[in-house]
Protein chains: 2
Amino acid sequence: MQVSTATAGPSGGPRARSRDRATAEIRDRLVEAALVEFANHGFDGASTRAIARRAGAHQPQINYHFASKEELWKAVLLKLLGELDAATAIAPGLSPRETMERAIRGVVAMGAARPELNRIMIHEGTHPSDRLVWLVETQVAPRTRPMLALWEKLRAAGEAAPISPELLYHVLIGAASLLHANAPEARLLLGIEPSDPAIVEAHADALVAMFLPPNPKDRAAR
Amino acid sequence: MQVSTATAGPSGGPRARSRDRATAEIRDRLVEAALVEFANHGFDGASTRAIARRAGAHQPQINYHFASKEELWKAVLLKLLGELDAATAIAPGLSPRETMERAIRGVVAMGAARPELNRIMIHEGTHPSDRLVWLVETQVAPRTRPMLALWEKLRAAGEAAPISPELLYHVLIGAASLLHANAPEARLLLGIEPSDPAIVEAHADALVAMFLPPNPKDRAAR
DNA sequence: GTCTATAATTAGATAGAC
DNA sequence: GTCTATCTAATTATAGAC
């Protein structure tokens, strides 16, 4: 990564700050363009020329602002995962069941708003690579553990569908994200627009009903 | 692979049949190799050289046996979809519920045995292309319609989870296939082997329980 | 920081000897 | 049918003028 080492004064006069702002902007434009190209064609299938063109920049600017295509890819994922964190942030004071419901709705909302994250993860997950190891070990695993612990608690309380924690992650993410990751297919096959708010809500409702079925004890208590 | 030098007689002596057999064999080896490369890297990311290497052939043989990379890709899908049909063939005399249960178990079994089909479909579904149009219109749509009709029947009978037919396809396929499509990720993240028969069975059992929950009427009748 | 030019490699496809 | 050589185009990355 190219750090903007100030050529200006000791540490940042007005001009240096203005230039830093411009640098941050072009970097973000490149990340936004790369996110789409990586999501559409996979890492190998995406070309830095197409990314630069989409960003309104020249191809060598990628190697200037990022050390390599791979570093650009990592920047893409860090940005998208930050947005995922915002969409699934846990609110304090909620019951385990409410927490899980919020997580499910957050995952669906994120998949609809930013299908690129799931597209990229799905592309990468199909074959072993150094990128996949980085992604799983440093990003996915830390985010997954709290959800699996929560699931075990719900299962013990009889409030969760009969799915083992080992299977939960892929069953839930698959059920929640494929419609959006493969939205172009859904448009052709079903003639629907997966990002339509009414569909997003129906989708989330269905998943909550399936993964968090009504608790028999609650029904008895009513 | 060296074939008998025979140019053989006018139309189909023993030697011609032997050559046809050899041709069919190399074609299938190329299809099997292509299936893995397309599944791992997507259409754009897969190279014909890597495919030929995996098949123990030379790169120009692909253009000799298939008109183009795209025709090879279509041959891959026709083979895999034929196997899917075999795995999900409907048995006569079963109730709608039993038929749906068999379909769910067949989809899971196919995903575990041939993860390449779902990997390729997932790669293609992320962006519009002529290949996607061909895939959806000529292959996916005809196979999907009977399943959706069956689902509506089950929903009307109160035997199906509360998912609209429009959402069913992607929710079910996502829940059933992501674990296998992204098996390399699951191995790293969870330390499990998704093709393990015990996991395949537990996975299918969980999906059947979630998508075909016990019918309240049946419970009342017991 | 940008942009032109280009190096070094690889892509899909073809020609022609065998 | 196979296989070597090769064509054209596209790839990531770099050099250097501005």
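Just so we're on the same page: letters track the sequence lines, and every chain starts at 1. Values in this document were obtained by computation on a predicted structure and should not be read as measured data.
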Report, one line per pair, each donor and acceptor closer than 3.5 Å where one atom sits in a side chain of residues 204-212 of chain B; sequence neighbours left out.
residue: B:D205; atom: OD1; partner: B:R105; partner atom: NH1; Å: 2.9
residue: B:D205; atom: OD1; partner: B:R105; partner atom: NH2; Å: 3.0

Practice task
Would you sort out whether B:L190 and A:L148 count as a side chain to side chain contact (heavy atoms under 4.5 Å, CB included), showing the intermediate values?
Solution key: CA-CA 11 Å; B:L190 306 166; A:L148 297 191; 4.2 Å; yes

Handout entry: Residue-level proximity of residues 39-47 of chain A to DNA chain D when a heavy atom falls under 4.0 Å
Key = A:A46, A:S47

Handout entry: Residue-level proximity of residues 68-75 of chain B to DNA chain C when a heavy atom falls under 4.0 Å
Key = B:S68, B:K69

Exercise for the section: Measure the distance from CD1 on B:I51 to C1' on C:dT10 and round it to the nearest whole Å. Expected result: 15 Å

Exercise for the section: Between B:A50 and A:A57, just flag the one whose closest nucleotide in DNA chain C comes earlier from the 5' side. Expected result: A:A57

Problem - Spacing between B:Q61 atom CD and C:dA15 atom C1', to the nearest angstrom - result: 16 Å

Practice task
May I have all residue pairs that pass ring pair (Phe, Tyr, Trp, His ring centres under 6.0 Å) and include part of residues 106-125 of chain B, sequence neighbours excluded?
Solution key: A:H123-B:H123

Problem - DNA chain C base-pair string [pairs: Watson-Crick or G-U under 3.5 Å; |: paired with another strand] - result: ||||||||||.|||||||

Practice task
Apply side chain to side chain contact (heavy atoms under 4.5 Å, CB included) to A:P184 and list each qualifying residue two or more places apart in sequence or on a separate chain.
Solution key: A:R119, A:R187, B:P128, B:L132

Practice task
Return the value, rounded to whole Å, for the distance between atom CZ of B:R49 and atom P of C:dA13.
Solution key: 11 Å

Practice task
Would you mind reading off the distance between B:E37 atom CD and C:dG12 atom C1', rounded to a whole angstrom?
Solution key: 15 Å

Polar pairs (N or O, both sides) under 3.5 Å between protein and nucleotides 14-18 of chain D?
none

Handout entry: Nearest to side-chain heavy atoms of B:I26, which nucleotide of C:dC3, C:dA13, D:dT2
Key = D:dT2

Practice task
Round to the nearest Å and state the distance from B:H65 atom NE2 to C:dG12 atom P.
Solution key: 17 Å

Practice task
Specify the closest pair of heavy atoms between B:A34 and B:V76, including all atoms of both residues, with the distance to one decimal.
Solution key: CB-CG2, 3.7 Å

Problem - Atom pair distance, as rounded to whole Å: NE2 in A:H58 and P in D:dT12 - result: 16 Å

Exercise for the section: State which residues pass ring pair (Phe, Tyr, Trp, His ring centres under 6.0 Å) with B:H65; sequence neighbours excluded, sorted by chain then number. Expected result: none

Handout entry: Pairing residues for B:R49 by the salt bridge (Lys or Arg N to Asp or Glu O under 4.0 Å) criterion, not counting sequence neighbours
Key = none

Fill in the blank from the handout: A:A91 meets the side chain to side chain contact (heavy atoms under 4.5 Å, CB included) criterion, sequence neighbours left out, with A:L94, A:R102

Exercise for the section: Using modelled atom types only, decide if a donor and an acceptor are shared between the side chain of B:H127 and the backbone of A:N40 within a distance under 3.5 Å. Expected result: yes

Handout entry: Short side-chain to backbone donor-acceptor contact, B:W151 and B:E166, under 3.5 Å
Key = no

Handout entry: Nearest-Å distance for atom pair CD1/C1', residues B:I62 and C:dA11
Key = 12 Å

Practice task
Report the distance from atom CZ of B:R53 to atom C1' of C:dA11, rounded to the nearest whole Å.
Solution key: 13 Å

Exercise for the section: Output, in order, the C-alpha distance, side-chain angles, deciding distance and verdict of side chain to side chain contact (heavy atoms under 4.5 Å, CB included) for A:M100 and A:L172. Expected result: CA-CA 11 Å; A:M100 191 72 206; A:L172 175 56; 3.8 Å; yes

Handout entry: For A:L78, all residues meeting side chain to side chain contact (heavy atoms under 4.5 Å, CB included), sequence neighbours excluded
Key = A:W134, A:Q139

Handout entry: All salt bridge (Lys or Arg N to Asp or Glu O under 4.0 Å) counterparts of B:K69, not counting sequence neighbours
Key = none

Practice task
Show your working on salt bridge (charged side-chain N to carboxylate O under 4.0 Å, His left out) between A:E32 and A:K79 and close with a plain yes or no.
Solution key: CA-CA 9 Å; A:E32 282 294 318; A:K79 177 170 189 183; 2.5 Å; yes

